[in-house]
Amino acid sequence: MAYSEKVMDHFTNPRNVGEIPDASGIGEVGNPKCGDIMRMYIKVEDDKIVDVKFKTFGCGAAIATSSMATELIKGKTLEEALKLTNKAVMEALDGLPPVKVHCSVLAEQAIKAAISDYYKRQGLDPKLFVSTACDCHEGHEHCSCESCKI
Amino acid sequence: MKTIYVDNAATTSVSKSVLDAMIPFYKELFGNPSSLYSIGTDAKRAVDQARVDVASCLGADTNEIFFTSGGSESDNWAIKGVMHELIKKGKKHIITSKFEHHAVLHTLESLEKEGFEVTYLDVHENGIVKPEELEKAIREDTGLVTIMYANNEIGTIQPISEIGKICKSHGVLFHTDAVQAIGHIKIDVKKENIDLLSLSAHKFHGPKGVGALYVRRGVKLLNLIDGGAQEFGHRAGTENVAGIVGLSVAMKEASSNLEGKNKRITAMRDRIINEFLKIDRSILNGDQIHRLPGNVNICFRGIEGESLLLMLNGKGICASSGSACTSGSLDPSHVLLAIGLAHEVAHGSLRISLGDENTEEEVDYIIKVLPEIIARLRDMSPLWDKIVKEEGMAEN
């Protein structure tokens, strides 16, 4: 199994690592039993993600996808960020080995979880804005998406 | 950047003398050992001599050594070959341990599908089988006990002599996968009452793709590979002459000055273990005393093994881990689970396996670099945050 140069770059020098003390939303996905947890912090102003940070426990791909996902949503509106798919994260990293696809799914879910948390804090029902389904269809026990839960 | 290779349990480099001994059999002495002309008979003589040398390293007789393609074939052949003979006498039960190599475990799974029954012994927190538990597991229809000599991941050495004695007294055959032990531990198959033993050349500076199976005279086993008269008619296929020569030279080298080499490697191992255990919330896996001289296996809580390996690789250090991500499966190593580790702890394991070629300077470098990497990974780990929150900061 070999990682692309971009994956190695984002693993070796991950962007946006850390926490946001006064975050507007925090999302955490994954399971320590499976070997990966991602926690994302977003700072939202006027429906725009003005800052994003993450902390990840996991493999090289888990750290790289977290890093890339935060880069892709930074400065974007919530609506735009919700459109980010795991596929887009993978493409931005020049691909992932097949066994690591679920890491990109986790990254997508982590963003959605953070945005859902933001809506909740606003007193809004996140289900109205955030769809939780993903298209991985992998049946991973890692994955908390609806299609994988089956 | 200099490469520091500390994954000698995975494989080893081929030593110069081994390679030099092999080359002629790829060049002028390329003949088929079954041929009658001199380049063939010379090759045959080399195979015969190799058999003598390997036998003498193990305290075996020459005609008890069969060359194979490696450890996995030897394990498969020993277990399937013996049981397919013994089933004729109504013996269908096998005893093994929970943390054998997959070459043994998957072979047993395949036999279970055929109707054989297997007892998997506990290896306890220290990673060692209890002989009394083994003895209790022996049944009327037990045909074979297969217990590894030393574990490939955590390096724990099993009470082989005691197990051999128990098996002998109950009339049960005893196979041991000694792939990790050969070249590190002096083994005498007769004294230890071993009936079958698997070994692999590339674990002790020999070439890959060649191994051997010791079979005590009188033990019947069905052939695994049919098709020729090689290996006394028990293992067909034109001999891997260069590989067999390489195996024997490597084995002789590994067996010489074992004590001196082990003393040096053990000291380096213990230095690494002691330093690593100073890192907050680190756990040594497997018994500290009954352990291969070069094996270090430690879990660092709150981090994941693959990212640790990638960072070590970034510093030129080649090591290994039992995390799920490195195995390509969802579960961490069955060995670490067998000694009772929680999944999330087992994911953070690191195995360093030292060999003859490692130096004190390399150990210094590893000891210096590792704590920095652990700190960096923990700094970005939400799991570490939780552990510290729940259990409090370290006292020191």
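Within every chain, numbering begins at 1; the chains are lettered A, B, ... in the order of the sequence lines, protein sequences first and strands thereafter. Quick caveat, the model's predicted, so the values are computed rather than measured.
Using a 4.5 Å cut-off between heavy atoms, B/Asp385 contacts chain A through its side chain alone, with no backbone atom that close. For A/Ala61, the part lying under 4.5 angstrom from a heavy atom of chain B is the backbone only. For a residue to count as touching a neighbouring chain, one of its non-hydrogen atoms must lie under 4.5 Å from one of that chain's; by this rule A/Ser66 does not touch chain B. With a threshold of 4.5 angstrom between heavy atoms, A/Ile37 approaches chain B through its backbone and through its side chain. For a residue to count as touching a neighbouring chain, one of its non-hydrogen atoms must lie under 4.5 Å from one of that chain's; by this rule B/Leu310 touches chain A with backbone and side chain alike.
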| request: Take B/Glu344 and B/Lys386 through the salt bridge (Lys or Arg N to Asp or Glu O under 4.0 Å) test and state the conclusion after the steps. | output: CA-CA 12 Å; B/Glu344 54 267 42; B/Lys386 276 181 200 162; over 6 Å; no
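The number of heavy atoms from other shown groups lying within 6.0 Å of CD (A/Glu79) does not exceed 12. Counting heavy-atom neighbours within 6.0 Å of B/Glu391 CD, excluding the residue itself, gives a total above 12. By the 6.0 Å contact criterion, CG on A/Asp22 is enclosed, its count of non-hydrogen atoms from other residues, nucleotides or ligands being greater than 12. For B/Lys315, the NZ atom sits in a loose shell: 12 or fewer heavy atoms of surrounding residues, nucleotides or ligands are nearer than 6.0 Å.
Among A/Pro32, A/Pro14, A/Gly18, the residue with the largest count of heavy-atom pairs under 4.5 Å with chain B is A/Pro32. Between chain B and the options A/Val17, A/Thr56, A/Thr12, heavy-atom pairs under 4.5 Å are most frequent for A/Thr56.
The nearest pair of heavy atoms linking A/Ser104 to A/Leu96 is CB-CD1, 4.0 Å.
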